[in-house]
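Worksheet for the structure shown next.
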Amino acid sequence: MELKQMAPSIHILWLLSIQFLVLVNGGKIPAIIVFGDSSVDSGNNNYIPTVARSNFQPYGRDFNGGRPTGRFSNGKITTDFISDAFSLKPAIPAYLDPSYSISDFATGVTFASAATGYDNATSNVLSVIPLWKQLEYYKNYQKKLRACLGDRKANGVISGALYLISVGTNDFLENYYAIPGRSSEYTIEEYENFLVGIAASFTEKLYELGARKISLGGLPPMGCMPLERTGNLMGGSECVDSFNNLAADFNGKLNALVIKQNKKFHGMQMVFSDPYGILLKMIQKPAVYGFEVTAVACCATGMFEMGYACSRRNPFTCSNADKFVFWDSFHPTQKTCSIIATYIVQNALAKFLSH
């Protein structure tokens with residue numbers, strides 16, 4: 001990412017904050033282990049039969065070497081920056097990528113799959129990896145880690161690792177509001193509670209498998225995604241308040257779950273990582289963060305394209321993604337991800353830098 005493109009004050013703060021975090025960290029967290037959707041998938045979907053892919057240009061054009069990795073971004077994603085802040089690897093590899101081995105995964109790995117959700121019905125929409133399958137992969141990872149490092153060292157990695165979970169947006173936008181099924185079974189409030197129940201079960205299973213430091217991620221202001229704004233013709237293509245309110249409400253329930261789980265499970269240190277407020281600030285006051293465009297994305301027309309619709313041949317794709325909050329109609333740019341990561345590390349994950 002070209003930091004010189006940021007507003008000077010943001011540029012300096014970003015550099016100082018990352019340098020400070022690296023200095024105080026001292027390698028306390030041995031690994032970062034990730035579960036979730038496209039917000040944290042670094043390429044697992046490249047290796048399964050689904051259309052939910054981004055392993056082609058212009059995706060990845062600002063990544064190291066300008067190569068498309070399967071990240072839904074022009075470069076790095078939030079978890080890559082978090083890993084860097086914890087003095088670990090600069091980019092977290094995908095578990096299904098055969099070019100990496102268990103020794104690479106010992107300090108960081110993602111099991112995430114673009115287009116998945118808490119709800120198994122969400123992962124079925126585009127035939128991607130459901131959350132339960134990600135957990136199965138993680139169990140296999142533990143076996144490989146013990147074979148590679150030995151039980152004692154592997155157990156230290158498992159208990160000391162930071163577990164990041166980022167999922168949920170697709171359950172609403174790709175499933176509940178997009179196709180018949182769940183909306184006929186549940187009211188929206190009932191569906192929220194259904195998803196929170198799945199989140200509770202998932203974090204409990206992680207705890208049983210040895211995880212102790214867990215970050216449960218919240219939803220972004222999903223009504224401000226270019227895809228939703230494009231469809232809001234009656235509202236002048238402004239953010240869809242109903243979707244934003246839903247995200248905020250759901251985040252409140254996830255935060256309550258974190259408080260409950262910490263009381264319930266001895267030794268659990270779970271935090272709620274909330275991207276909602278910082279992303280909304282970037283959208284509402286872009287100049288403060290060095291952005292110029294918020295309503296449309298960099299890729300193609302910026303109104304509705306993502307995935308295969310983001311063609312490298314599209315003449316409308318922007319030349320400088322750092323001016324845009326969103327890379328495609330659903331996903332933030334690398335620069336946006338870096339700002340979100342810095343905010344989350346400082347406001348939710350800082351406690352793990354010294355423990």
Side-chain angles (χ1 to χ4, degrees), residues 31-80 82-83 88-145 147-148 161 163-167 169-171 174-175 202 206 209 299 306-312 327-328 330-331 334 337:
I32 287 179
I33 298 172
V34 186
F35 301 89
D37 56 22
S38 60
S39 61
V40 291
D41 181 2
S42 63
N44 283 311
N45 278 19
N46 299 352
Y47 307 98
I48 62 172
T50 178
V51 296
R53 291 188 185 184
S54 59
N55 57 337
F56 45 85
Q57 293 183 344
Y59 287 98
R61 72 179 192 190
D62 298 313
F63 195 78
N64 298 342
R67 46 191 189 92
T69 60
R71 289 169 173 81
F72 281 78
S73 170
N74 58 304
K76 291 185 178 183
I77 53 178
T78 304
T79 39
D80 296 324
I82 292 174
S83 177
L88 295 167
K89 57 185 72 202
I92 296 180
Y95 184 65
L96 297 184
D97 189 336
S99 64
Y100 294 96
S101 67
I102 187 61
S103 59
D104 298 306
F105 297 145
T107 54
V109 62
T110 179
F111 303 96
S113 177
T116 201
Y118 284 112
D119 187 354
N120 288 337
T122 304
S123 61
N124 291 340
V125 175
L126 293 177
S127 302
V128 297
I129 306 168
L131 214 50
W132 67 265
K133 181 67 174 177
Q134 293 183 32
L135 199 66
E136 291 301 308
Y137 283 140
Y138 172 62
K139 291 176 184 177
N140 290 333
Y141 164 83
Q142 284 198 351
K143 291 177 184 176
K144 293 177 182 177
L145 194 68
C148 177
Y163 295 77
L164 304 177
I165 304 166
S166 178
V167 67
T169 304
N170 296 317
D171 290 306
E174 184 186 297
N175 183 358
F202 186 77
L206 277 181
L209 289 167
C299 174
M306 59 180 161
Y308 284 110
C310 278
S311 168
R312 61 188 287 183
W327 165 248
D328 66 17
F330 213 79
H331 304 96
Q334 174 178 251
C337 288

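Start at 1 with the first residue, then count along the sequence.
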Closest non-hydrogen atom pair between Leu126 and Ala115, with its separation:
CD1-CB, 3.8 Å

Within the side chain of Ser83, is there an N or O that forms a donor-acceptor pair under 3.5 Å with the backbone of Lys89?
yes

Under 3.5 Å donor-acceptor, Thr116 side chain and Asp37 backbone
no

Where does the angle between the aromatic ring planes of Phe202 and Phe35 fall among parallel (under 30°), tilted (30 to 60°) and perpendicular (over 60°)?
perpendicular

Please determine, by modelled atom types, if Tyr138 and Gln134 share a side-chain donor-acceptor pair under 3.5 angstrom.
no

Check ion pair Glu136-Lys133 (N to O, under 4.0 angstrom)
no

Of all residues at least two apart in sequence or in a different chain, which pass the disulfide (SG to SG under 2.5 Å) check with Cys337?
none

Intermediate values then yes/no, side-chain contact (heavy atoms from CB on, under 4.5 Å), Asn170 and Val125
CA-CA 10 Å; Asn170 296 317; Val125 175; over 6 Å; no

Between Thr122 and Asp171: side-chain donor-acceptor atoms closer than 3.5 Å
yes

With a 4.5 Å heavy-atom cut-off, do Val40 and Thr78 have their side chains touching?
no

Tell me whether Asn55 contacts the main-chain N or O of Thr69 through its side chain, where contact means a donor paired with an acceptor under 3.5 Å.
no

What are the two closest heavy atoms between Thr110 and Ser42, and how far apart are they?
CG2-OG, 3.1 Å

Just by modelled atom types, is the Ile48 backbone N or O under 3.5 Å from a matching donor or acceptor in the Arg53 side chain?
yes

Sequence neighbours excluded, the answer for ring-ring contact (aromatic ring centres under 6.0 Å, His included) partners of Phe56 is Tyr59, Tyr308

Smallest separation among heavy atoms of Ile33 and Ala161, with atom names:
CD1-CB, 3.9 Å

Partner residues of Phe63 under the ring-ring contact (aromatic ring centres under 6.0 Å, His included) criterion, sequence neighbours left out:
none

Nearest heavy-atom contact between Arg71 and Asp80 is NE-OD2, 2.8 Å

Main-chain N/O of Pro90 paired to Lys76 side chain as donor or acceptor, under 3.5 Å
yes

Could you give the distance from CG (Leu145) to CD1 (Ile102), rounded to the nearest 0.5 Å?
5.0 Å

How close do Phe72 and Ala114 get, counting heavy atoms only, and between which atoms?
CE1-CB, 3.4 Å

Just by modelled atom types, is the Gly117 backbone N or O under 3.5 Å from a matching donor or acceptor in the Ser123 side chain?
no

Which pair of heavy atoms, one from His331 and one from Met306, lies closest together, and at what distance?
CE1-SD, 4.5 Å

CD1 on Ile129 to CG on Asn44, rounded to 0.5 Å:
5.0 Å

Do Tyr47 and Asp97 have a side chain donor and acceptor closer than 3.5 Å?
yes

How far does OG of Ser311 sit from CD of Gln57, to the nearest 0.5 angstrom?
10.5 Å

Spacing of CD1 belonging to Ile92 relative to CG belonging to Asp104, to within rounding of 0.5 Å:
13.0 Å

Taking the side chain from Tyr141 and the backbone from Phe111, do they hold a donor-acceptor pair closer than 3.5 Å?
no

Start with the C-alpha distance between Ser39 and Ser166, add both sets of side-chain angles, then the distance that settles side-chain hydrogen bond (donor to acceptor under 3.5 Å, both in side chains), and finish with yes or no.
CA-CA 7 Å; Ser39 61; Ser166 178; 2.7 Å; yes

When rounded to the nearest 0.5 angstrom, what is the spacing between CD1 in Ile77 and CG in Asp41?
7.0 Å

Got a second to check how far Thr79's OG1 is from Ile32's CD1, nearest 0.5 Å?
8.0 Å

Using only atom types and a distance under 3.5 Å, with no angle test, would you say the side chain of Asn45 pairs donor to acceptor with the backbone of Val128?
no

